[in-house]
Amino acid sequence: MARHLITSAIPYINGIKHLGNLVGSQLPADLYARYLRARGHEVMFLCATDEHGTPAELAAAKAGKPVAEYCAEMHEVQSGIADGFGLSFDHFGRSSSPQNHALTQHFAGRLADAGHIREVSEKQVYSNADGRFLPDRYIEGTCPNCGYDKARGDQCENCTKQLDPTDLIEPRSAVSGSTDLEVRETKHLYLRQSQMKDQLDAWIDSKSDWPVLTTSIAKKWLHDGDGLRDRGITRDLNWGIPVRRGKEDWPGMEGKVFYVWFDAPIEYIACAAEWAEANGRPDADWERWWRTDKGADDVRYTQFMGKDNVPFHTLSFPATLIGSGEPWKMVDHLKSFNYLNYDGGQFSTSQGRGIFMDQALEILPADYWRWWLLSHAPESSDSEFTWENFQQSVNKDLADVLGNFVSRITKFCRSRFGEAVPQGGDYGADEAALISDLTDMLARYETAMEQMEVRKSAAELRAIWARGNEYLQSVAPWTLFKTDPGQAAAQTRLGLNLARLFAVLSSPFLPTASEKILTALNATDTSWPDDLNSFLRELEPGHGFDVPDVLFAKITDEQAEDWSTRFSGVRD
RNA sequence: GGCGUUAUAGCUCAGUUGGUUAGAGCGAACGACUCAUAAUCGUUAGGUCGGUGGUUCAAGUCCACCUAACGCCA
């Protein structure tokens with residue numbers, strides 16, 4: 001038994017995430033958390049919504065709501081959808097929480113005290129009419145490059161040219177349309193990551209077991225060009241965590257907030273504090289996960305994220321933790337994913353392209369999505385979602401191989417022996433061979449799961465299901481029943497025990513279906529198998545069961561075609 | 001324009017440090033079985049590994065160039 005801290009990259013608040021976002025962090029993190037819990041480990045699995053920054057403000061404005069209210073509502077929506085997918089967070093927090101405010105300010109203060117923060121004067125556009133600075137997307141004007149009159153301060157959407165707000169011709173406020181603008185000096189804080197470069201480099205070198213994808217991205221940022229660059233960690237916005245030096249005011253920083261990328265990863269820690277508060281626990285209960293001086297020294301910490309998040313998790317956030325000079329728990333293993341593409345292109349939140357989490361749950365139960373996404377997780381390279389592949393995989397794996405196994409064995413038993421585990425005969429050579437095979441397969445499955453090889457785990461699990469069908473096919477109790485009903489009873493007994501085994505082993509991937517099978521079998525003990533010889537005898541003769549409803553209805557050609565059409569365009 | 005990633009059977013993907021006949025699942029064909037969601041089990045057929053040229057006794061696996069797709073940056 002070990003202690004595992006697991007975090008998933010925190011999804012941004014402005015709307016519902018698509019399946020590419022889901023498979024890139026939350027879903028594999030959930031798989032790992034469920035597996036470790038099933039193996040009896042103590043797990044703290046945390047996730048939250050990332051609520052600060054310009055896009056949140058703009059989305060709120062578009063929805064006609066105060067940003068705080070908008071975020072609160074969207075948090076509830078995302079939380080509900082996470083539940084719908086069976087994401088088993090111990091806590092789903094919010095980066096706007098009081099805990100994160102306090103911690104972020106605390107870290108900034110510690111970093112400043114240690115000399116890791118410098119002040120920089122910059123020129124920014126200020127709107128007199130709005131009484132505020134206009135960063136990036138808050139300013140519009142005519143593109144100096146192509147003449148498009150709705151170019152944004154950071155980029156022209158027409159010619160895609162990256163812009164500086166001061167480049168725009170006839171600039172105006174995107175908030176009020178006012179052209180009463182001026183360029184003002186404004187001061188900002190920069191995190192001096194560059195002076196921690198060697199420490200970060202050494203730290204990453206010590207992580208020899210990290211995926212190549214992860215270390216290569218980190219190394220690139222560390223060594224390319226001028227090397228690791230200092231990052232601005234403040235912004236002239238209203239929505240965010242006010243810049244304070246610990247609990248003190250920060251002269252010259254009045255009215256400014258921390259940049260979203262500074263406070264978002266700190267929420268991983270704050271989320272544990274939120275968890276403690278929500279459960280009426282003392283601070284020591286969350287600190288034992290995060291402070292190596294308060295019990296976290298034996299914690300194994302694993303982060304899950306898409307590849308776009310790697311630099312922040314390998315460099316910026318560690319720089320924050322190291323720079324604080326305090327004994328915070330650092331990540332031990334970092335599992336990053338590539339992108340999932342949709343029918344030849346990218347999933348896109350801004351363009352509304354692809355399948356979004358709420359829509360997915362409207363058309364099919366979570367287990368279908370969990371299975372396909374995990375068994376096709378973009379681990380080594382980008383991977384591709386197509387409706388045809390989805391339909392075929394799900395029908396074959398879930399309906400035909402697993403679902404039908406449970407169906408055939410329970411129905412066969414009911415028709416020949418009744419709805420109770422039959423008595424008679426005993427396991428023989430065929431059964432010994434099966435158990436021996438399954439023991440090897442189980443070991444491979446466990447190894448793959450422990451190493452977070454998601455696709456491989458799915459393939460091993462599927463092979464275990466298929467081995468069950470192979471067994472039934474070869475011993476053919478329906479034939480033997482005519483000549484040796486006792487031995488047929490033993491085979492059927494084993495078949496029913498196999499169904500329970502499959503349910504237990506599948507629970508990290510398919511929590512809902514797993515539970516359905518166990519309920520139908522009246523199986524109360526769901527503990528992970530230790531020794532298959534004894535495990536496969538635990539449903540004893542006379543143990544009553546029910547034939548479950550169809551576990552996985554097949555996706556019909558009509559449905560696949562219908563959905564393919566429905567999701568071919570752009571979401572409203 | 002710079003940097004980076006990817007390019008393996010019809011489809012989705014595996015292929016450790018270069019080494020005998022390149023693997024899996026799906027799909028296809030054929031066969032077996034009939035308990036089951038027309039499910040299952042078995043067999044077979046399909047790639048010379050994007051292209052060209054190198055290094056090597058030996059390359060899908062290293063190098064160069066080219067092509068294509070994607071991504072990041074400018």
Side-chain angles (χ1 to χ4, degrees), chain A residues 20 145 154-155 160-164 211-214 216-221 223-226 229 306-311 336 338-348 371-417 422 444 448 451 453-463 465-482 488-489 491-492 495-496 499 513 547-556:
Chain A
N145 196 46
D154 53 350
Q155 185 183 36
T160 74
K161 176 125 179 121
Q162 304 260 333
L163 300 172
D164 203 50
V212 184
L213 180 68
T214 302
S216 68
I217 292 173
K219 286 288 184 180
K220 181 175 184 288
W221 280 58
H223 300 296
D224 266 21
D226 304 330
R229 290 156 76 169
K307 62 184 173 186
D308 52 328
N309 278 339
V310 169
S336 57
N338 289 285
Y339 293 140
L340 178 68
N341 290 321
Y342 179 73
D343 258 341
Q346 287 185 49
F347 275 91
S348 167
W371 177 253
W372 191 89
L373 290 169
L374 289 168
S375 62
H376 293 77
E379 289 178 291
S380 56
S381 64
D382 291 358
S383 65
E384 173 96 359
F385 176 94
T386 63
W387 283 102
E388 187 186 4
N389 185 292
F390 176 69
Q391 180 194 10
Q392 288 179 349
S393 298
V394 163
N395 285 353
K396 191 67 182 175
D397 298 348
L398 298 184
D400 296 348
V401 178
L402 175 61
N404 181 54
F405 178 87
V406 175
S407 177
R408 71 192 294 201
I409 191 63
T410 52
K411 286 184 178 173
F412 174 72
C413 185
R414 180 173 64 184
S415 72
R416 299 296 195 279
F417 303 101
R444 285 203 296 276
Q451 296 179 344
E453 293 186 77
V454 179
R455 276 171 186 261
K456 196 174 175 195
S457 301
E460 297 292 355
L461 178 60
R462 201 198 106 98
W465 302 336
R467 187 65 181 83
N469 280 312
E470 190 191 327
Y471 167 75
L472 281 189
Q473 201 65 31
S474 67
V475 297
W478 43 89
T479 303
L480 192 63
F481 180 77
K482 296 166 190 163
Q491 293 166 349
T492 305
L496 291 166
V547 172
D549 294 334
V550 168
L551 284 171
F552 297 100
K554 290 195 189 190
I555 298 169
T556 64

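In what follows, chains are A, B, ... by sequence order, proteins preceding strands, each numbered from 1.
- The side chain of Arg462(A) sits closest to C26(B) out of C35(B), C26(B), A36(B).
- When distances are taken from the side chain of Lys554(A) to each of C11(B), C13(B), A39(B), the shortest belongs to A39(B).
- A donor-acceptor contact shorter than 3.5 Å links the side chain of Thr410(A) to the backbone of Val406(A).
- Counting only heavy atoms from C-beta on, Phe412(A) has its side chain closest to C35(B) among C13(B), C35(B), C11(B).
- Closest of all the heavy-atom pairs between Leu496(A) and Cys413(A) is CD1-SG, 3.9 Å.
- Across U40(B), C11(B), C26(B), the shortest atom-to-atom separation from the side chain of Gln473(A) is found for U40(B).
- On the C1' atoms, A22(B) is 8 Å away from U8(B), given to the nearest whole Å.
- Within the 4.0 angstrom heavy-atom criterion, no nucleotide atom of any strand lies near Ile409(A).
- Note: Phe412(A) and Trp478(A) have perpendicular aromatic rings, judged against thresholds of 30 and 60 degrees for the angle between ring planes.
- Both distances falling under 3.5 Å, in either a Watson-Crick or a G-U wobble arrangement, place U40(B) opposite A32(B).
- Nucleotide U5(B) has A69(B) as its partner under the Watson-Crick or G-U criteria, with both atom distances under 3.5 Å.
- Between Trp371(A) and Trp465(A), the angle of the ring planes lies from 30° to 60°, which puts this pair in the tilted group.
- Under 4.0 angstrom from either OP1 or OP2 of U37(B) there lies no side-chain N or O belonging to Arg408(A).
- Distance from the side chain of Lys396(A) is smallest to U40(B) among C13(B), U40(B), U37(B).
- When each of Leu398(A), Leu402(A), Val401(A) is tested with Arg462(A) by the rule side-chain contact (heavy atoms from CB on, under 4.5 Å), just one qualifies, namely Val401(A).
- Checking C62(B) for Watson-Crick or G-U wobble geometry (two distances, each under 3.5 Å) identifies G54(B) as its partner.
- Here C13(B) presents its C1' atom at 14 Å from CG of Asn341(A), a figure rounded to the nearest Å.
- Listed pair Lys456(A) / A24(B) fails the phosphate criterion, with no side-chain N or O lying under 4.0 Å from OP1 or OP2.
- Comparing atom distances between the Asp400(A) side chain and each of C41(B), U12(B), A39(B) picks out A39(B) as nearest.
- Between A39(B), U37(B), U34(B), one nucleotide has an atom nearer to the side chain of Trp478(A) than all others, and that is U34(B).
- The partner of C13(B), taking Watson-Crick or G-U wobble pairs whose two distances both stay under 3.5 Å, is G23(B).
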